[in-house]
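Just below is one structure, and these are the notes that go with it.
Heavy-atom basis, side chains included; hydrogens, waters and symmetry copies ignored. Below, chain A is the first sequence line, B the second, and so on; all start at residue 1.
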Protein chains: 4
Amino acid sequence: MAHKGTTLSEAFQDTASEAQSCQSICVQSIQHCLQMGGSHVEPSHMRLMQDCAEICETTGTMLLRGSPQHNQVTAACASICELCAQSCDRFAGDAQMKACADACRHCAAACQQVAQMRPGGAAGPGHHSVP
Amino acid sequence: MAHKGTTLSEAFQDTASEAQSCQSICVQSIQHCLQMGGSHVEPSHMRLMQDCAEICETTGTMLLRGSPQHNQVTAACASICELCAQSCDRFAGDAQMKACADACRHCAAACQQVAQMRPGGAAGPGHHSVP
Amino acid sequence: MAHKGTTLSEAFQDTASEAQSCQSICVQSIQHCLQMGGSHVEPSHMRLMQDCAEICETTGTMLLRGSPQHNQVTAACASICELCAQSCDRFAGDAQMKACADACRHCAAACQQVAQMRPGGAAGPGHHSVP
Amino acid sequence: MAHKGTTLSEAFQDTASEAQSCQSICVQSIQHCLQMGGSHVEPSHMRLMQDCAEICETTGTMLLRGSPQHNQVTAACASICELCAQSCDRFAGDAQMKACADACRHCAAACQQVAQMRPGGAAGPGHHSVP
């Protein structure tokens, strides 16, 4: 219920911020996994972190520009973040993977809420409120 | 029927190529509209071209790395490309806007086909075929 | 002297953070200028904000992955941020342009310091210190 | 001498096209190396391909929007592409690495020529010629 009663632009700002944090930690985690080697560089795991970093970047930017057409993008971002989190979960005891999974889940939760806001509800940053 | 019987990776490559072309023309169209001024720099039109360039870039990259998790992203890309094409349509007689609308519709069509391929159908580039 | 005696990775992290903030405010400022119209949408001003957002994003990502080959990129980022700040300075009394100029100058300063660190000084995040 | 006597915008378009091709092949090569494993996933090699893909993307976009401030960015892109090519050269007999090295060198050559064009020589696409 975090976004209830807040203006749409606050939800956008918060979610953009989560997406940027998630992008950052995914970028760092990719290098961490390359240093670790072994199962850390399994192609599908590495690909998920790359996809996650990329969709988070796009999501963050779209939200920062207050795009009304964000719904499918934020929904896609939520799904990919959740898959990335699950992939990181497999590395029990690895602090970087734990931090990555946490950031992914925070981003997924924020994106899921924003994705359900009605399309076209925001004409721009700071001008509209969620009823 | 363009992708019927082709390997998934060919469809991915073709769609990635359409997405890159669409991204390029959107980037150039933004500068064209800034040069034109007037209704060409209407905020929602400019924002759509920015969003379109961005989601096309992400879509192209995800397809080039053969990501099985592309479905929601390609579907989102198709929607945003179609909206961008409609926004460009309003500038009758403007060759750049016509070229942008055409590239957006080609990309939307390619993305729509790829989006309907079954999730997880591709484990990597060049290894799987569409039944 | 901010980075003196700190590990290279701290300087990288700080600069990556400045670059991300600068990218965010440039993205928002572009939409602000489109809303304002008039001299705010002058092509060279808008292009600088787009270039600035883009090079900041790349700079931030390269620093987050601890790239030893960052020197020319951080130097380029510093230059473009400074030009963007100067372009924003022309809009006296516009709070968004003031905020954008400030973020650009913070990023330029951070990038300039990092750009002067010796090439190849960092083999990865968190492992090396600046003598 | 490829760009001699051509308009600046043609050189920009050609180089943008080389940069996009290089970005694409780097993205695919990263997945190839993950599939191969072993020395292919050595952290500094993987990081170079990521950096190369990223700076190529930024370079391509800046050139497509006819940015006069491209010189340091194209110079940085040329350097990183050359380093990436050298890193790929080490994998003798690997066709993907060969193709990646070739694309990197084509992009580096194009960027180097464009980087030496005088700063501010282009006010926009299609309006200025190289003396």
Side-chain angles (χ1 to χ4, degrees), chain C residues 12 16 19-20 23 26-27 30 42-87 104 108 111-112 114-115 119-128, chain D residues 12 16 19-20 23 26-27 30 42-87 104 108 111-112 114-115 119-128:
Chain C
F12 273 37
Q20 287 179 321
Q23 190 255 355
C26 283
V27 167
I30 288 166
E42 200 258 310
S44 67
H45 174 60
M46 290 290 280
R47 185 159 52 194
L48 261 172
M49 289 189 296
Q50 290 173 281
D51 288 347
C52 193
E54 191 123 8
I55 193 69
C56 282
E57 188 181 291
T58 293
T59 299
T61 304
M62 281 188 73
L63 293 175
L64 285 173
R65 69 168 76 99
S67 299
Q69 285 78 35
H70 68 82
N71 301 72
Q72 286 178 281
V73 176
T74 44
C77 190
S79 300
I80 290 172
C81 283
E82 178 53 35
L83 288 169
C84 189
Q86 289 171 15
S87 189
C104 287
C111 281
Q112 223 152 15
V114 166
H127 299 304
H128 292 255
Chain D
F12 273 37
Q20 285 180 321
Q23 189 256 354
C26 284
V27 167
I30 289 166
E42 199 257 311
S44 68
H45 175 60
M46 291 291 281
R47 185 159 52 193
L48 261 173
M49 288 189 296
Q50 291 174 280
D51 287 348
C52 193
E54 190 123 8
I55 193 69
C56 281
E57 187 180 292
T58 292
T59 298
T61 303
M62 280 188 74
L63 293 175
L64 285 173
R65 70 168 75 99
S67 298
Q69 283 78 35
H70 68 83
N71 301 72
Q72 286 177 282
V73 176
T74 44
C77 190
S79 299
I80 290 171
C81 283
E82 178 53 35
L83 288 168
C84 190
Q86 289 170 17
S87 190
C104 287
C111 281
Q112 224 151 13
V114 165
H127 299 305
H128 292 255

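Your options are D:Thr58, D:Thr61, D:Val73, D:Leu83, and the one with the most heavy-atom pairs under 4.5 Å with chain C is D:Thr58.
Heavy-atom minimum distance, D:Ala76 versus C:Gln72: CB-CB, 3.5 Å. Here the shortest heavy-atom pairing between D:Arg65 and C:Arg47 reads O-NH1, 2.9 Å.
Going from atom OG of D:Ser67 over to atom CD1 of C:Ile80 covers 7.5 Å, rounded to the nearest 0.5 Å. Atom CD1 of D:Ile55 is separated from atom CD1 of C:Ile55 by 4.5 Å, given to the nearest 0.5 angstrom. D:Asp51 CG to C:Gln69 CD: the interatomic distance, rounded to the nearest 0.5 Å, is 6.5 Å.
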